[in-house]
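The structure under discussion appears below in the form of structure tokens.
Convention: sequence-line order gives letters A, B, ...; per-chain numbering from 1. Side chains are part of it too, since the values below use all heavy atoms of this structure and drop only hydrogens, waters and symmetry mates.
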2 protein chains.
Amino acid sequence: MKYIEKLRNSGLRPTKQRLQICEVLFDTEKTFHFTINELDQKIKDKINNKISLATIYNTVHAFEKKGYLKQIPVNSNQTYFDTNITDHHHFYNLKDGKLIDLENSDVGPINIKRKIDGKKIKSIEVLVKLED
Amino acid sequence: MKYIEKLRNSGLRPTKQRLQICEVLFDTEKTFHFTINELDQKIKDKINNKISLATIYNTVHAFEKKGYLKQIPVNSNQTYFDTNITDHHHFYNLKDGKLIDLENSDVGPINIKRKIDGKKIKSIEVLVKLED
DNA sequence: CAGTTTTTTAGAACCATTATAAACTGCAAT
DNA sequence: ATTGCAGTTTATAATGGTTCTAAAAAACTG
Ligand SMILES: [Mn+2]
Ligand SMILES: [Mn+2]
Ligand SMILES: [Zn+2]
Ligand SMILES: [Zn+2]
């Protein structure tokens, strides 16, 4: 199975629960954005059984650490994750809290002219807030 | 006093506590970034008395709503605010969680080529994550 | 000043996230 | 197979930032 490798790379053994989480996260054409609660709900719907929140948090964090998921910086009381791990940006709809992908090509190259001593750039992320 | 207007504009009467919060927030040459806990600490230090957290939260939110403070989107369990309300961007030092201003001129113009129906752009913010 | 409204405050409530510790699972050695 | 063991899942508790509450204090009005 294709998820076993992702799990092993993330330092996790392929258990039933973790594979089910993978099915929800990675078994789609389209990538998507989610909070942990939304993921929990999605798992209940798709897999028709409940996985404890602790397992969901642990698995998501392991994937994020390994780079199979990204965290999106937004102002919210919940953490937003993204299954799209390519370099890209986001619209943030303030009305409903939903994110929309903004491809790199829709933003154009961003050239940071200033340097910070002893630090290197890990990522450059653009957040475009939308209102009515 | 110069703060009375800011408070009135924000729908708040100029009370002793609110004016003290203003002194800490706006009585400096330099702008700065802060979390509520850092602001609370700063108030204790500078004003030498304690203001209840509820008052601090209320005042900060009123200023933010009016545009006298900005919230900066970062991945953190705490909310980051900025007394610099000009259009600008940020470095985010992952090591210590500190923000550094990135002037618009250090980033260059950002041209979002994609439009979302019925929505208009409220802000465009770039977050540059720094690692060692 | 007296009466009314607004504000401040300490503490409770809320809720996303993290920690804990006991039950469970899968595998391996005997 | 039986047992032992390490890793995993789970329910639940703890944590901590933020918001709510309601009573006391302060500010305003006439
Ligand atoms: Mn997290
Ligand atoms: Mn807030
Ligand atoms: Zn995305
Ligand atoms: Zn700033």
Flag, side chain of Ser76(A) to backbone of Gln78(A), donor-acceptor distance under 3.5 Å: yes
Rounded to the nearest Å, what distance is computed from the [atom1] atom of residue [X] to the [atom2] atom of nucleotide [N]?
X: Leu19(A); N: dG26(C); atom1: CG; atom2: C1'; value: 14 Å
X: Ile56(B); N: dA10(C); atom1: CD1; atom2: P; value: 11 Å
X: Asn37(B); N: dG16(D); atom1: CG; atom2: C1'; value: 9 Å
X: Leu7(B); N: dT7(C); atom1: CG; atom2: C1'; value: 13 Å
X: Leu39(A); N: dT17(C); atom1: CG; atom2: P; value: 12 Å
X: Ile36(A); N: dA16(C); atom1: CD1; atom2: C1'; value: 10 Å
X: Tyr57(B); N: dT7(C); atom1: OH; atom2: C1'; value: 19 Å
X: Asn77(B); N: dA14(D); atom1: CG; atom2: P; value: 20 Å

CA sep, side-chain torsions, deciding dist, call: Phe63(A), Phe81(A), side-chain contact (heavy atoms from CB on, under 4.5 Å): CA-CA 11 Å; Phe63(A) 281 148; Phe81(A) 294 92; over 6 Å; no
Side-chain N or O of His61(B) closer than 4.0 Å to phosphate OP1/OP2 of dT19(D): yes
Any donor-acceptor N or O pair under 3.5 Å, side chains Gln41(B), Asn37(B): no
Contact state string [nucleotides 3-10 of chain D, B base, S sugar-phosphate only, - no protein heavy atom under 4.0 Å]: ----SSSB
Under 3.5 Å, which donor-acceptor pairs link side chains of residues 102-113 of chain A to any protein atom two or more places apart or in another chain?
| residue | atom | partner | partner atom | Å |
| --- | --- | --- | --- | --- |
| Asn104(A) | OD1 | His89(A) | NE2 | 3.2 |
| Asn104(A) | ND2 | Asp87(A) | O | 3.0 |

Closest non-hydrogen atom pair, Leu39(A) against Ile56(A): CD2-CG2, 3.8 Å
Phe26(A) six-ring face occupied by Lys6(A) cation (under 6.0 Å, within 45°): yes
